[in-house]
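A short worksheet on the structure shown next.
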Amino acid sequence: MAFYDLRQFIDKLKETGDVVYIDQEIDWNLEAGAIMRRCNETQTPAPFFEKITGYPRGYRLFGSPLSTFRRLAIAMGMEPDAHYQSFLEEFEKRIKNPKKPILVSDGPCKENILCGNDIDVLKFPVPLIHEGDGGRYIGTWHISATRDLDSEWVNWGMYRLMVHDKNTLGGLMVPTQHIGMMLNKYEAKNKPMEIAIAIGTEPATAIIATCGVPAGTNEMDIVGGFRGEPLEVVKCETVDLVVPATSEIVIEGEVLPNQRMEEGPFGEYTGYQAGGKGPRPVLKIKAITHRNDPILTVSNMGAPVDDSDVCMNVAWASDIRIQLLNAGFPITGVCIPVESSGTIIVVATQKPYNSIANGIASLVWSTKNGKHIPRVIVVEDDIDPTDLKQVIFALGTKCHPIRGTTTVENMPYSPLIPFLNIKEKTYFSSANVVYDCTWPLDWEPKNVPRLASFKGIYPKELQDKVLLNWKNYGF
Ligand SMILES: Cc1cc2nc3c(=O)[nH]c(=O)nc-3n(C[C@H](O)[C@H](O)[C@H](O)COP(=O)(O)O)c2cc1C
Ligand SMILES: [Mn+2]
């Protein structure tokens, strides 16, 4: 059964021991961020902050919503110890059958409505998450809803949002992402782009907002399919958009055309404060609505593990797996290891022809999600791509440093990839690499080295005998 709202999800985490309620007063200025960061890196239950310095009780923060696989599993109604592969299979099943949302006339997110002079985003205990961030970020686990200028397409995506002042936000809306594509059209006509930001939604909404579904597809329909039940949405007060009815906080406004203010840097999903400060789009707030005792959801992006390594990268791997299978590649597994901070994807495959690794990589890089991933490691189907020990062994032993790698220049992706230089970051141009960790088919079988492992180099009967006698030997 789907969670009705964020609060039901947090109640469930309480039941399973996956949230810690912190009653001690915590400072929004770095302290909450430091606690979340340590929670992420040591994979503890999620921190729920009850009292923030300078704010009345009732203005709460929920940190690191989905930075453990346990919490992702619970959010999806799966067994908390579900295997990586089963997440991918669940995603595949759930996103197949979109369900349109139900428009309701009222919802908890309308319990308080702030307009005009009452608008102040710092009414909420917005944290300064990392030292050196460009400002306090209110949008780190939320959705931004925008409508295409000349179609009915409404996009729900997660894109960071920094506070400039009480009614002005700034964001990173790059042209390779759907919000950036939409903004380009508005800016060409010098029109403002309406936007609604929903923070603290039931978990499926945020999960789908981190996953690139095709342009022209409404994420809200995918959310319904993913939950198994349509989402209830309400109309906004001042913009022609809808938001989940149970959202904790909704910010309505417009992105001003062709205006820029300095935004960033921010500790990012790739593990570094990598994107720098730069002139970026500006959003003026027209109204804020919120629930009583609102809960601001916060993710602390950075070194592994964070919510993107778990939630976003599972969503990406699942989408890439489906697209590779649809294209007919005989793949047997896909994994974006959390340790890579979203920079490496491992694909295991059968090998019917020699060039399959490059074929797989080309497809990965042509997908919405895969184009963010600069390194593709292709291994054979005897390797479990979720087992880094096996993957590193294959990379070290089977991938020829020259013949086994192919690099591609001038590829489009995010300015947040740490190894890019300033020019590459500014102009969205970088390089990708594929590591082919499969034996060449043109080698004579006698020249293919035999794997000297217990399973690979002893007769099956002998293996069975040794296993059967293992205790008798004295081990
Ligand atoms: C916490 C978090 C923050 C993110 N912030 C940004 C961002 O500021 N800009 C961006 O382009 N993508 C960001 N992403 C990645 C996008 O959410 C992801 O690529 C998603 O597919 C975008 O939606 P779209 O496919 O509808 O454009 C973020 C992801 C997470 C998990
Ligand atoms: Mn989209």
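Remember, it's 1-based here, ligands and their atoms both numbered in the order they're listed. Fair warning: this is a prediction, and the values are worked out from it, not measured in the lab.
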Within-4.5 Å side-chain heavy-atom neighbours: W141 and I199: no
Subset of ligand 1 atoms that lie under 4.0 Å from at least one heavy atom of E219: 26 (O)
V174 to ligand 1, any heavy atom closer than 4.0 Å: yes
I129 CD1 to R160 CZ distance, which is reported to the nearest 0.5 Å: 11.0 Å
Ion pair E41/R37, N-O distance below 4.0 Å: yes
Protein residue, atom and distance nearest to atom 9 (N) of ligand 1, heavy-atom basis: L172 O, 3.4 Å
Quiz item: cation-pi between K14 and Y21, 6.0 Å / 45°: yes
Atom indices of ligand 1 within 4.0 angstrom of T210 heavy atoms, with elements: 17 (O), 18 (C), 20 (C), 21 (O), 31 (C)
Protein contact to atom 30 (C) of ligand 1 [nearest heavy atom, distance to 0.1 Å]: M158 SD, 3.6 Å
Residue portion contacting ligand 1 (non-hydrogen atoms closer than 4.0 Å) for T140: backbone
Side-chain heavy-atom pair L169, H164 within 4.5 angstrom cut-off: no
Location of contacts on C211 toward ligand 1, heavy atoms closer than 4.0 Å: backbone
Within the 6.0 Å centroid threshold, strictly below: Y159 and H142: no
More than 12 heavy atoms of other groups within 6.0 Å of Y427 OH: no
Ligand 1 versus M301: contacting region, heavy-atom distance under 4.0 Å: side chain
Close side-chain approach of Y435 and V376, heavy atoms under 4.5 Å: no
Element-labelled atoms of ligand 1 that are located less than 4.0 Å from some non-hydrogen atom of S299: 1 (C)
Within-shell test, E268 vs ligand 1, heavy atom, strictly < 4.0 Å: no
Greater than 12 external heavy atoms within 6.0 Å of Y272's OH: no
Ligand-side contact atoms (ligand 1) for residue partner M312, heavy atom cut-off under 4.0 Å: 15 (C), 29 (C), 31 (C)
The Mn ion (ligand 2) - name of the N/O/S atom of H178 that sits closest to it: ND1
Shortest-distance N, O or S atom of E219 relative to the Mn ion (ligand 2): OE2
Gap between atom CD1 of I320 and atom OG1 of T367 - 0.5 Å precision: 4.5 Å
Close aromatic pair by centroid cut-off 6.0 Å: F91 and F226: yes
ring-ring contact (aromatic ring centres under 6.0 Å, His included) evaluation trace for F9 with Y4: CA-CA 8 Å; F9 172 55; Y4 169 68; over 10 Å; no
Min N/O separation N155 to ligand 1 under 3.5 Å: yes
N/O separation below 3.5 Å, I179 to ligand 1: no
Atom 8 (O) of ligand 1: nearest protein contact (heavy atom, Å): R160 N, 2.8 Å
N or O contact, W156 vs ligand 1, cut-off under 3.5 Å: no
Nearest-option assignment for atom 25 (O) of ligand 1, heavy atoms, candidates Q177, M181, M182, K368: K368
Under 4.0 Å to a heavy atom of G212 - the qualifying atoms of ligand 1, by number: 21 (O), 25 (O)
Criterion side chain to side chain contact (heavy atoms under 4.5 Å, CB included) on I288 and E252, from CA distance to verdict: CA-CA 6 Å; I288 298 177; E252 305 177 6; over 6 Å; no
The Mn ion (ligand 2) to nearest N/O/S of T217 less than 2.8 Å: no
Ligand 1 to Y159 polar contact by distance, N or O atoms, under 3.5 Å: yes
Polar contact flag for H178 and ligand 1 (N/O pairs, less than 3.5 Å): yes
Row check, W153 ring normal vs R147 NZ/CZ: under 6.0 Å, within 45°: no
Enumerated ligand 1 atoms positioned under 4.0 Å from heavy atoms of A209: 17 (O), 20 (C), 22 (C), 23 (O)
